Amino acid sequence: MAVELAAVLQRHPWPASLRDTGVEWMWHWRFEVDAPPDVLWPHLSDTSRFNRALGLGRMQFEERDGALHGDGRNGFVRQQWIEEPWQWVAERELASIRVYARGLAYGSRVVYALAPNGRGGSELHVHFTWLPRGWYGRLALALGMRWLRRQYARATARLARELREASPHDRLLPAAAPPLDDAARARLDTLREQLYGAPVSRAVVDRLVDHVSTGDELELYRIRVVPLARRWGVDDGELLVACLYATRVGLLELSWDVVCPHCRGVRFEARSLGDVPVREACEACDVQFAIDADRALEITFHVHPSIRAVPKVFYCSAEPATKPHILVQQTVPAGQTRTVPTSLAAGRYRIRVRGRDGHRFLDVVAGGPAAVTWRASDGGDLRGGPGCELVLINDRDADARFVIESAGEDDDAVRPSRVFNLQDFRDLFSEQYLAADLQLSVGEQTILFTDMVGSTEFYGSRGDPDAFMEVKRHFTEVYAIVRRHRGCVVKTIGDAAMAAFSRPADAVAAAREVALRFGPHRTDTAIRLRVSINTGPCIAVNLNSGIDYFGGTVNMASKLQAKAGAGEVAIAAATCEAPGVRALLDELGAELEPDCLEHPALPAPLRLVRWKVAPAP
C-alpha cells in the first residue's frame with residue numbers, strides 16, 4: 001500500500017484564514033522503520049515525546065474561547081499560534097495545522113503518513129508546508145528545515161532501535177530526569193522507610209519511589225496507576241494502595257480529574273472530592289455534562305512538590321496520543337465531501353459529530369460494504385467491512401467534525417467506585433467527602449449487611465458498658481474479614497455493619513467467613529450474626545461528612561436481613577446470577593433454600609436464597 005501524497009494533502013486543506021496567504025514552501029521526507037504501522041503508530045502519534053526526541057523546545061498551550069492557543073520558541077524566535085483541531089486516521093496518517101499570530105510564518109501544516117513497506121516494516125512520510133512571513137522567515141525556515149531533516153533521521157532510527165528491544169508496554173524515547181537535591185533525596189529516603197510499613201510489597205514501594213525520583217517528566221505529571229502497573233508487571237490493586245499510602249505520607253498528591261465523556265480530556269483537577277463541580281463543559285467537543293456518573297471522574301496522582309517539581313510539560317499538543325480511543329477524527333468544511341481510507345478491524349465503534357447529543361454505532365463485520373457513506377445529518381447506525389473507506393458528507397451549513405472511537409470504556413482509568421470500595425482509602429482519607437449537592441452514580445455494587453441476632457437479650461445480660469466493648473471487638477473482626485475479601489465497611493449502624501464490594505463473589509466469600517466466625521462454636525463471645533447481600537446500581541452521596549451509598553439496592557440489602565437467622569446468609573437473586581457467584585457456591589458445596597421477600601414497596605416479590613452456613617445446633 002503506497003502513500004498517495006496528493007490525496008493525503010487534499011484531505012488536510014488550509015483553513016479559510018490562510019488561503020491565498022503567500023507562497024507555499026514544501027519539504028517531504030521518507031523514512032524506513034523496521035516496525036509495522038500498528039506497532040509504530042502509538043509511539044509516532046505521541047508527538048510531544050517524539051518532538052522532544054527531535055530536539056524541539058517546550059510549548060505552552062491554553063484553551064480560550066474554544067480554541068487552543070500555543071506559545072513556544074524556535075531558536076531565538078518566539079512563536080504564537082492557534083492550533084487547528086488535529087485530524088487523523090489511526091495507523092495511517094495525522095495532520096496538524098497552525099495559524100500563527102507571531103513568528104516565522106503565517107501558517108504551517110505537518111502531515112505524517114504511514115504505509116506498510118512490504119517487508120514487515122513501515123514507510124513513514126513526513127510532509128511540511130510553510131507559509132513564510134517575509135525574507136527572514138524564508139531564510140530561517142530554509143536553514144531550520146535542513147537541521148530538522150537530520151533530527152528526524154536520528155529520531156526515527158532511535159525509535160526503530162528501541163522498538164526492537166522494548167517490551168510491549170514500554171514507553172519509548174525517554175529522557176533522563178534532573179538530579180534531586182540533597183534535601184529531596186533525604187526526604188525521599190525517609191518516606192521510603194515509612195512506606196515499607198504499608199500493606200504492600202517492598203518491591204512495589206521501591207518501584208514507586210524510584211519512579212518518582214528518576215521517572216520521565218512526561219509520565220510523572222499525571223500518574224495513571226493501571227497502565228503503569230501493566231508496564232511494571234505488578235498488580236494494579238497493590239500499586240493503587242501503595243499510591244494511596246504514598247499520598248498520605250507526602251510523596252504523592254491525589255487528584256480527582258473531571259473527564260469529558262467524549263474526548264476524555266481533563267477539564268478540571270480537584271485535590272478534594274468536595275471541590276468537584278456538579279457540572280462541567282468541554283468547549284473542544286461543544287458539550288456540557290453533569291458530574292453524576294462514575295466515568296466522569298478519574299483518580300490520578302501527582303508528585304508532591306516538596307520532592308520534585310514536575311510541571312505540565314508539552315513539546316506538542318499531541319491530540320492523537322491524548323485521545324487514543326479516537327481512531328478517526330476528520331473536519332469536513334460545510335457542503336463538502338471527503339473520502340478517507342481506514343484500518344478499522346472487525347468490531348463495534350461509536351460514531352458522532354461534534355456538537356450533536358449522543359452517539360451512534362458503526363458495525364464493522366466481515367463481508368460488510370467496502371465503502372461507508374456517513375452524512376453529518378444522519379441519525380442511524382452504519383455498517384461496513386474491515387478496512388472500509390469512509391465517505392464523509394457534510395450536508396450542514398457549518399464545518400462538521402466526524403469522530404469514530406472505540407466502543408468500550410476506558411479500562412485504564414481508576415474510577416471513584418474502585419477507591420470508595422477500598423478499606424485502605426476509607427481509613428486513610430476519612431476527611432474526603434462529596435459536595436453536598438453532588439450525587440455520583442457508582443454503577444453496580446454488591447452491598448452486604450451484618451446484624452446481631454438476639455441483641456436485646458445480649459444487651460440485657462451484659463449491661464451497656466460490657467456490651468459496648470464486645471460489640472466494638474466484633475466490628476474489628478468484621479472489618480478485617482471485609483478487607484481481606486477486597487471490600488470496605490461503608491458505615492456501622494448501632495451493632496450492624498454495611499459493607500460494599502466491587503465483585504459479588506468477594507461479598508459472598510466474605511459473608512461465609514463472617515457467618516462461620518460468629519457461629520455456634522464460639523465460646524468467647526455470645527454475638528451471633530446474620531448476613532444479607534444484594535447487588536445493583538448505587539449512588540454515592542455525602543452523609544454525615546462521609547461517603548455513603550444510597551438507593552434501592554442498599555434498601556433491599558438491609559430488608560433481606562429479615563430472611564436470615566443466626567449463622568445464615570440471605571442472598572438476592574441478582575447476586576446469585578452475577579459472574580463467578582454460582583461457581584463459588586458450587587465449589588463451597590452450599591446448600592441453598594429458595595425463598596422470596598415480599599414488601600409493600602416492591603412491585604413483585606424479591607427472589608433470594610438462604611444459605612445456612614453455621615446454623616445453631
Side-chain angles (χ1 to χ4, degrees), residues 237 294 415-418 420-423 441-451 453 478-479 481-493 496-519 529-540 548-599 601-615:
D294 197 46
R415 302 300 186 190
S417 57
R418 183 168 184 185
F420 290 170
N421 286 0
L422 280 176
Q423 193 65 55
S441 171
V442 290
E444 184 178 273
Q445 304 293 323
T446 297
I447 304 298
L448 178 152
F449 275 93
T450 69
D451 185 40
V453 177
V478 170
Y479 267 81
I481 293 170
V482 169
R483 182 195 294 267
R484 189 156 50 247
H485 292 281
R486 295 180 287 274
C488 72
V489 174
V490 177
K491 61 183 176 183
T492 58
I493 313 107
M498 171 185 160
F501 297 80
S502 297
R503 300 198 308 176
D506 288 339
V508 172
R512 175 179 179 271
E513 187 173 346
V514 167
L516 288 173
R517 179 67 62 87
F518 294 93
L529 297 182
R530 58 186 167 200
V531 187
S532 57
I533 310 174
N534 189 26
T535 300
C538 297
I539 62 171
D548 198 358
Y549 286 163
F550 182 81
T553 299
V554 176
N555 190 33
M556 287 301 105
S558 175
K559 286 180 168 36
L560 280 173
Q561 290 180 338
K563 287 294 183 177
E568 296 181 0
V569 181
I571 311 174
T575 305
C576 288
E577 296 163 2
V581 172
R582 182 61 63 180
L584 174 63
L585 292 170
D586 291 344
E587 179 184 336
L588 296 173
E591 296 183 5
L592 308 175
E593 298 179 11
D595 203 344
C596 63
L597 173 69
E598 297 183 3
H599 192 274
L602 293 173
L606 180 68
R607 293 186 301 113
L608 61 105
V609 295
R610 292 171 57 228
W611 181 13
K612 295 182 179 180
V613 176

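In this text, all values refer to a predicted model and were calculated from it rather than measured experimentally. One-based numbering along the sequence shown.
To the nearest 0.5 Å, the span separating NZ on K559 from CD on E598 amounts to 14.5 Å. Rounding to the nearest 0.5 Å gives a distance of 7.0 Å between SG of C596 and CG of L608. Here the SG atom belonging to C576 is positioned 10.0 Å from the CH2 atom belonging to W611, to the nearest 0.5 angstrom. Note that CD1 of I493 is 8.5 Å distant from OG1 of T450, once rounded to the nearest 0.5 Å. Within the model, atoms CG of N534 and OG1 of T553 stand 5.5 Å from one another, a figure rounded to the nearest 0.5 Å. Annotation: the span from E577 atom CD to T535 atom OG1 amounts to 10.0 Å, rounded to 0.5 Å.
Checking side-chain atoms of D294 against main-chain N and O of S417 turns up a donor-acceptor pair under 3.5 Å.
Side chains of F449 and L560 form no contact here, defined as non-hydrogen atoms less than 4.5 Å apart. Counting heavy atoms from C-beta outward, E593 and E568 have side chains that stay 4.5 Å or more apart. Between C488 and N421 there is a side-chain heavy-atom pair separated by less than 4.5 Å. Looking only at side-chain heavy atoms (C-beta outward), M498 and Y549 come within less than 4.5 Å of each other. At least one side-chain heavy atom of D548 sits under 4.5 Å from a side-chain heavy atom of K491.
Across all their heavy atoms, A500 and V490 have their closest contact at CB-CG2, 3.8 Å. Annotation for A564 and R530: closest pair O-CD, 3.1 Å, computed over non-hydrogen atoms. Scanning both residues, G519 and A614, for their nearest heavy atoms gives CA-CB, 4.1 Å. When all heavy atoms of Q561 and S532 are compared, the closest pair comes out as CG-OG, 3.1 Å. The minimum heavy-atom distance between P504 and S502, with the atom names listed, is CD-O, 3.8 Å. Taking both residues in full, the closest heavy atoms of V478 and A497 are given as CG1-CB, 4.4 Å, listed atom of the first, atom of the second, then distance.
For the pairing with V508, the side chain to side chain contact (heavy atoms under 4.5 Å, CB included) check across L448, T446, L585, V569 returns one residue only, L585. The only option from V613, I481, V531 that meets the side chain to side chain contact (heavy atoms under 4.5 Å, CB included) definition with E513 turns out to be I481. D506 pairs in a salt bridge (Lys or Arg N to Asp or Glu O under 4.0 Å) with only one of the listed residues (R486, R483, R512, R484), which is R486.
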Could you walk me through whether Y479 and T492 satisfy the side-chain contact (heavy atoms from CB on, under 4.5 Å) test, starting with their C-alpha distance in whole Å, then the side-chain angles of each, then the deciding distance to 0.1 Å, before giving a yes or no? CA-CA 10 Å; Y479 267 81; T492 58; 4.2 Å; yes

